[in-house]
Colleague: 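Next up is a structure, given as C-alpha cells.
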Amino acid sequence: MTKKNNVDVEFDSDVGYPYHLQPDIIKMALFIHNAEDEQEKINRVEFGVNKFDYKFMAHVMAMLMLPWLMETNMNSNEFKDWVSKTMSKKKMN
C-alpha cells in the first residue's frame with residue numbers, strides 16, 4: 001500500500017471556481033456571520049461595501065441569506081405537499 005503525500009492547494013490556482021463560490025466571498029460571508037452582535041454585523045457589511053464592489057457584496061449577502069431561504073421553503077405548505085407526494089410515489093415502487 002502506498003502512502004499519498006498531502007498536497008497544499010492554493011486558492012488562487014486555476015481551479016476555476018464559479019464567481020459565487022470564490023474563497024474571498026465565502027471568507028467575507030463568514031466574517032460577517034461570526035460577528036458578536038447585530039451592530040458589529042452592520043459595521044462589517046459597511047466595511048465590505050466600502051472595500052469591495054456591489055456585485056461581490058451581493059453574492060456575500062446571498063450566501064448569508066441562503067439558510068433562511070432554505071428554512072422558509074422547507075416550512076412552506078407547497079414543499080410539504082411535494083414531499084408527501086414524492087414519498088407516496090416511492091412507497092408504491
Colleague: Can you tell me how far apart NZ (Lys41) and CD (Glu36) are? Round to the nearest 0.5 Å.
Modeller: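 These two atoms lie 11.0 Å from each other.
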Colleague: Would you tabulate the side-chain donor-acceptor contacts of residues 52-64 under 3.5 Å, counting partners in other chains and residues two or more places apart, or write 'none'?
Modeller:
unit_1	atom_1	unit_2	atom_2	d
Asp53	OD1	Phe56	N	3.2
His59	ND1	Lys55	O	2.8

Colleague: Going by side chain to side chain donor-acceptor pair (under 3.5 Å), name the residues that satisfy it together with Glu71, two or more places apart in sequence or in a different chain.
Modeller: Asn75
Colleague: Just to verify, what does Phe31 make a side chain to side chain contact (heavy atoms under 4.5 Å, CB included) with, not counting sequence neighbours?
Modeller: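 For Phe31, the residues satisfying side chain to side chain contact (heavy atoms under 4.5 Å, CB included) (neighbours in sequence not counted) are Met28, Arg44, Phe47.
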Colleague: Check side chain to side chain donor-acceptor pair (under 3.5 Å) between Asn73 and all other residues, then give those that pass, not counting sequence neighbours.
Modeller: none
Colleague: Under the rule for side chain to side chain donor-acceptor pair (under 3.5 Å), what residues qualify as partners of Gln39, not counting sequence neighbours?
Modeller: Asn43
Colleague: Measure the spacing between OH of Tyr17 and CD1 of Ile26 and express it to the nearest 0.5 Å.
Modeller: 8.0 Å
Colleague: Is Ile32 reachable from Ile42 through a run of I, L, V, M, F, W or Y residues, each pair having side-chain heavy atoms under 4.5 Å apart?
Modeller: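 Hydrophobic grouping puts Ile42 apart from Ile32.
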Colleague: Do Leu21 and Leu30 sit in one hydrophobic cluster, given that two such residues count as connected whenever their side-chain heavy atoms are within less than 4.5 Å of each other, even indirectly?
Modeller: yes
Colleague: Answer yes or no: does atom CE of Met70 have more than 12 heavy-atom neighbours from other residues, nucleotides or ligands under 6.0 Å?
Modeller: no
Colleague: Membership question, hydrophobic clusters at under 4.5 Å side-chain separation (ILVMFWY): are Tyr19 and Val49 in the same one?
Modeller: yes
Colleague: Return the set of residues passing side chain to side chain contact (heavy atoms under 4.5 Å, CB included) with Thr86 (not counting sequence neighbours), or none when no residue passes.
Modeller: Trp82, Lys90
